[in-house]
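Indexing begins at 1, ligand by ligand and atom by atom, following the structure's order. FYI, the numbering just counts along the sequence from 1. None of these values were measured; they are calculated from a predicted model.
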Amino acid sequence: MTSLPATAVRASAVEERVQELLARISLDQKIGQMTQPERLHVSPAEVKRFHIGSVLSGGGSCPGDNRPADWVAMNDAYWTASMEEDADHLAIPLLYGVDAIHGNANVLGATIFPHNIGLGAAGDPGLIERIGRVTAREVCAAGVDWTFAPTLAVARNPCWGRTYESYSEDPTLVARYAGRIVRGLQEAGVVACAKHWVGDGGTVGGVDQGDTVMGEEELRRMHIAPYVPALEAGVLTVMVSLSSWNGEKCHAHRYLIQDVLKGEMGFGGFVVSDWDGIDPVADDYGDAAAMAVNAGIDMFMVPETWRAFIAGLKEQVERGVVPVGRIDDAVARILQVKFASGLFDRPRPWARRGSNGSAFGSGEHRAVAREAVRKSLVLLKNEGGVLPLDKGARILVTGPAAHDRGRQCGGFTVEWQGVTGNAAIDGGTSIWEGIRAVAPGAVLRGGGDGATPAGDVPDARDFDAAVVVVGERPYAEGLGDIREPSPVRAGTNHLPGGPGVLQPYGNTLKLAALHPEALRTIRGLTAQGVPVVTVLVSGRPLVVNEELAASAGFVAAWLPGSEGAGVADVLFGDYDFVGRLPMSWPGKMPEGPGRGGRSGRGTALFPHGYGLRLL
Ligand code: BGC
């Protein structure tokens, strides 16, 4: 696949093939092309029967034993069904989509990169493009064509549960990365998806799927700006946000989708809805579908309700509520992406180069992830030069995230909400495993995998220094929100049990309240006279004043992913710290009704861009 400028997506050769195909397909097949069920709810036979254009995997929805070969087999079956031609069905290859948002992290054995917030700290656009290429190769190894990435959210409030999906609170930094990640992914053969259009990171109080209340000038400067370089780099798809702008749902926002994105900005690819994103748009499902199609959405992520969507949309077209011209435009855009990405020219998934290939989870790929970990670490305190640590020293390593690869990967890893423990992450190194490899005198006490209770204070008398690895448990989306403990509102829920059962992560950003065991361990060790280096594993800046005060050294490690060894690379001075805060670091909980539209701006303990060096 070559990277195409947005306008070139509609280049004449492609356009001709699209028009030729469009002239031959039925309304049923057109609507089918616009429909994206979830794999658990649609069979290959149904893909053909209903002419389905795309299938997705929700977070944690994995075939067979969740190895690349299982994914290729699944995609091969869907693709083959989509390509069986008969009187009723024209062969159009199916586009399969996944959330490869920090590597192809749903699949066992994948290389898992730091979540975006850590990559923002690295401040290295070239690295971002290489990560895009590696991720794309691991997506292709699974026979998959499309990733719902990059997230171009500009997270303005760390209370937001998706803060870690955002590179930065600064739209300039997000914009510097946007084109590079799109190029990296698409030039290596995977369709990218800029999301979530638009304003997802600016909701009042940082509430997931909430309301972004601001004037148009600010929306453009803050949240639309990063899409400009993504479109220039030829991003082929854009996903709509589950949030609202000034009270109006983005999924029904004709002005934002049709007028601004497609009209003014000239986006030539297709727009996909988010998971059940049309549900809240209207009480009647058919009305909701019509409003969303008329607002400019081209493909619909309707995981379970795809049959109702197809029936509802067909009725609306027959009643004239949705013009056939709009359907044709949507399908033309989908076909254009399928042509422009080379999907029509590819053989079946099993026969593709790189399918189930040895590059997946390879040492070469993991080296890129380890480099990203090194560059993402931000040094916030280094009293008395406690860092770098001496490789020959007797070092006590402890804390619940010290030896827990699941925890260091965070959400959207194997499961939607992520996993804890080492067993579920195949390959890579925990932070402890990285330390052990370079410091023979290091000892692990407790520290993950449930070995000893969190908050334990080991006897430190025989040690020269302690490394305490603490932080958040994995979470994703609204379950990571910090707000009053009300259930997450109806909307996206990849878990069985339905909405209404989902609680936020907590109601404060204060680590000492969320996880008091961390402070207990840090203080307990400090009291024994041993200098403590605290490593914080978290998806966002937290209020850590007390932990900072009790530690000699303090490192923000974000969610480093599978290659924990990158932490030891820097702790022991083989590399210097180069990371800078991609968000200002709050000294207290944001206040007021919106809890500070800005991440505690005014109360920042460390400003955006802060980060110490060793040398
Ligand atoms: C998220 C999207 C994601 C989609 C598919 C939704 O819940 O908001 O970011 O791409 O699920 O898994």
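Within 6.0 Å of atom CZ in Arg220, more than 12 heavy atoms from other residues, nucleotides or ligands are found, so the atom counts as buried in its surroundings.
Distances from ligand 1 to the non-hydrogen atoms of Glu165 include no value under 4.0 Å.
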Mind running ring-ring contact (aromatic ring centres under 6.0 Å, His included) on His253 and Trp245 for me, showing each step along the way?
CA-CA 9 Å; His253 218 297; Trp245 179 37; 5.6 Å; yes
Taking it one step at a time, do Glu38 and Trp275 satisfy side chain to side chain donor-acceptor pair (under 3.5 Å)?
CA-CA 9 Å; Glu38 209 279 340; Trp275 186 282; over 6 Å; no
Under the side-chain contact (heavy atoms from CB on, under 4.5 Å) criterion, do Ile334 and Val337 qualify, and how do the steps go?
CA-CA 5 Å; Ile334 292 164; Val337 168; 6.0 Å; no
Give the C-alpha distance, both sets of side-chain angles, the deciding distance and a yes or no for salt bridge (Lys or Arg N to Asp or Glu O under 4.0 Å) between Asp298 and Arg326.
CA-CA 9 Å; Asp298 305 302; Arg326 176 73 267 280; 2.5 Å; yes
Which is it for Trp146 and Thr237 under the side chain to side chain donor-acceptor pair (under 3.5 Å) test, yes or no, and what are the steps along the way?
CA-CA 9 Å; Trp146 183 18; Thr237 68; 3.1 Å; yes
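Taking both residues in full, the closest heavy atoms of Tyr164 and Gly411 are given as OH-CA, 3.4 Å, listed atom of the first, atom of the second, then distance. Looking at every heavy atom in both residues, Gly123 comes nearest to Tyr177 through N-OH, 2.9 Å.
Polar contact check, Asp99 against ligand 1: a nitrogen or oxygen pair lies under 3.5 Å apart. Geometrically, ligand 1 and Trp275 share no nitrogen or oxygen pair separated by less than 3.5 Å. In terms of polar-atom proximity, defined here as any N/O pair under 3.5 Å, Trp416 makes no such contact with ligand 1.
Of all atoms in ligand 1, listed by their number and element, those nearer than 4.0 Å to a heavy atom of Arg162 are 1 (C), 2 (C), 8 (O), 9 (O). Near Glu477, the atoms of ligand 1 lying under 4.0 angstrom from a non-hydrogen atom of the residue are 1 (C), 6 (C), 7 (O), 8 (O). Short contacts between ligand 1 and His196, defined as distances under 4.0 Å to a heavy atom of the residue, involve ligand atoms 2 (C), 8 (O), 9 (O). Atoms of ligand 1 lying under 4.0 Å from any heavy atom of Phe148, numbered from 1 in the order shown and given with element: 10 (O). Close approach of ligand 1 to Asp274 (heavy-atom distance below 4.0 Å) involves ligand atoms 1 (C), 2 (C), 3 (C), 4 (C), 6 (C), 8 (O), 11 (O). Interface of Lys195 with ligand 1, defined as ligand atoms under 4.0 Å from a residue heavy atom, comprises 2 (C), 3 (C), 9 (O), 10 (O).
Residue contacts with ligand 1, taken as heavy atom pairs separated by less than 4.0 Å, involve Leu56 solely via side-chain atoms from C-beta onward.
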